[in-house]
Amino acid sequence: MPMTDFKESLTRLARRAGAWAGSRSPRAKLGAATGLLAAVMLVLPSPYVVERPGPTADVLGESGGQQVIAVSGADTHADSGRLLLTTVNASGMPGYPALNAEVLWGWIRSDSIVMPSEALVTPGQSAEEYKSETERQMTGSQDSATAAALSFLKSRGVDTAGVSVQMHVDDIGGPSAGMMYALGVIDKLTEQSETGGNTVAGTGTIDQDGKVGAIGGIQLKLLGAKRDGATWFLAPKDNCSQVVGHVPDGLRDVSVSTLAEAYDALVAIGEGRGGDLPRCTAE
């Protein structure tokens with residue numbers, strides 16, 4: 001729209017608003033002003049973060065047209081099931097402010113969590129700094145997952161000499177997919193179909209020694225896993241206090257603290273022996 005037309009439109013709008021106000025009582029004017037103020041407040045940025053269940057990704061499949069886990073230097077083997085890494089979507093992170101209206105809606109919804117932004121990010125952190133940090137965490141997680149997986153395989157007699165692993169997932173950052181990445185590498189390099197055709201989801205950090213660590217947002221990740229068809233969920237033992245009482249119907253949780261425990265649980269699930277696996281407790 002040309003600037004002259006825009007100015008004329010504003011002038012007409014101002015005249016109509018003035019005419020409306022001149023014909024209304026003081027009470028009506030006050031009500032209209034209050035409503036306008038409330039509307040303006042709802043579209044202003046909020047100092048809160050709203051978290052919701054994010055997308056999942058099958059670490060045995062593809063993301064953005066590329067293999068999530070690409071292995072070279074050794075034969076790989078297909079699995080008839082899926083291994084889902086789980087994520088959380090967050091509005092209100094640096095560069096992506098949440099509006100007050102989103103925060104209000106988040107407080108109402110049962111599948112959202114609202115918290116002050118300083119609980120999740122460093123005050124004053126820029127969008128570029130936040131992106132760089134999450135990408136660094138993801139890279140570190142993938143490196144640790146590869147090292148832990150190859151060490152695990154070597155300990156079980158699998159020749160890993162010359163094996164190279166590359167990982168790729170679109171628009172996912174942070175360290176919480178480490179355990180599922182490691183399980184994916186192991187699955188691809190073993191002939192057994194570990195899932196047995198099941199869809200198994202999970203979350204947890206991993207270090208090079210195979211220790212599984214706690215993550216954030218696990219209650220939302222449980223919801224995302226159930227939404228995307230998972231029937232089993234591998235949860236870090238250190239997160240169990242947040243898991244108890246929040247597992248959706250039709251999803252079975254399994255408590256794990258090491259990569260070896262997670263792999264053995266996966267095999268048990270695939271062989272139909274998952275019923276005896278340890279569940280999370282509040283202790």
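Computed over heavy atoms, backbone and side chain alike; hydrogens, waters and symmetry mates excluded.
- In this structure, Ile186 and Ala149 approach most closely via the heavy-atom pair CG1-CB, 3.9 Å.
- Residues Leu277 and Met179 share a hydrophobic cluster, clusters being chains of Ile/Leu/Val/Met/Phe/Trp/Tyr side chains in contact below 4.5 Å.
- Electrostatic pairing of Lys211 and Asp209 does not count as a salt bridge here, judged by no charged N lying under 4.0 Å from a carboxylate O.
- To the nearest 0.5 Å, the span separating NZ on Lys188 from CG on Leu83 amounts to 10.5 Å.
- Closest heavy-atom contact between Pro55 and Asn89: CD-OD1, 3.7 Å.
- Under the 4.5 Å side-chain heavy-atom criterion for Ile, Leu, Val, Met, Phe, Trp and Tyr, Val169 and Ile206 are members of the same hydrophobic cluster.
- Distance CG/Leu259 to OG/Ser144: 11.5 Å, rounded to 0.5 Å.
- For the pair Leu150/Leu189, a side-chain contact is recorded, criterion being any heavy-atom separation below 4.5 Å from C-beta on.
- Two residues are said to be in side-chain contact when any heavy atoms from C-beta on lie closer than 4.5 Å; Leu222 and Pro248 meet this criterion.
- Between Asp187 atom CG and His77 atom NE2 the span is 10.0 Å, to the nearest 0.5 Å.
- Considering CG of Leu153 and OG1 of Thr190, their distance stands at 7.0 Å, rounded to 0.5 Å.
- Looking only at distances, a side-chain donor or acceptor of Ser117 sits under 3.5 Å from a matching main-chain atom of Pro47.
- Rounding to the nearest 0.5 Å places CE of Met180 at 5.5 Å from CG of Leu183.
- The nearest pair of heavy atoms linking Ser141 to Tyr181 is OG-CD1, 4.4 Å.
- In this structure, the side chain of Asn198 does not engage the main chain of Val200 through any donor-acceptor pair within 3.5 Å.
- Within 6.0 Å of the CD atom in Gln192, the count of heavy atoms belonging to other residues, nucleotides or ligands exceeds 12.
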Residues Thr205, Ile215; criterion side-chain contact (heavy atoms from CB on, under 4.5 Å); working and verdict: CA-CA 7 Å; Thr205 64; Ile215 50 79; 3.8 Å; yes
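- Put simply, CG on Asn239 and CD1 on Ile218 are 4.0 Å apart, with the number rounded to the nearest 0.5 Å.
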side-chain contact (heavy atoms from CB on, under 4.5 Å) evaluation trace for Gln208 with Asp143: CA-CA 8 Å; Gln208 295 191 10; Asp143 291 344; 5.6 Å; no
Candidate pair Val59 and Met167, rule side-chain contact (heavy atoms from CB on, under 4.5 Å), full reasoning: CA-CA 9 Å; Val59 298; Met167 301 180 184; over 6 Å; no
Worked verdict on Arg52 versus Asp111 for side-chain contact (heavy atoms from CB on, under 4.5 Å): CA-CA 6 Å; Arg52 302 180 184 86; Asp111 64 348; 5.6 Å; no
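- A 4.5 Å side-chain heavy-atom check between Cys280 and Gln242 finds every atom pair outside the cut-off.
- Checking side-chain atoms of Ser176 against main-chain N and O of Gly204 turns up no donor-acceptor pair under 3.5 Å.
- Cluster membership check: Leu84 does not share its hydrophobic cluster with Leu220, using side-chain heavy-atom separations under 4.5 Å among Ile, Leu, Val, Met, Phe, Trp and Tyr.
- When side chains are defined from C-beta on, Thr203 counts as touching Pro236, because their heavy atoms get closer than 4.5 Å.
- Side chain of Asp79 to main chain of Thr195: a donor-acceptor pair is present (N/O by atom type, distance under 3.5 Å, no hydrogens or angles).
- Across Gly217 and Val88, no two heavy atoms sit closer than the pair O-CG2, 3.7 Å.
- Between Phe233 and Lys221 the shortest heavy-atom distance is CE1-O, 3.8 Å.
- Heavy atoms from other residues, nucleotides or ligands lying under 6.0 Å from OH of Tyr48 number 12 at most.
- Taking each heavy atom of Leu251 and Arg279 in turn, the nearest pair found is O-NH2, 4.4 Å.
- Under the 3.5 Å distance criterion, the side-chain polar atoms of Arg252 are left unmatched by any main-chain donor or acceptor of Val247.
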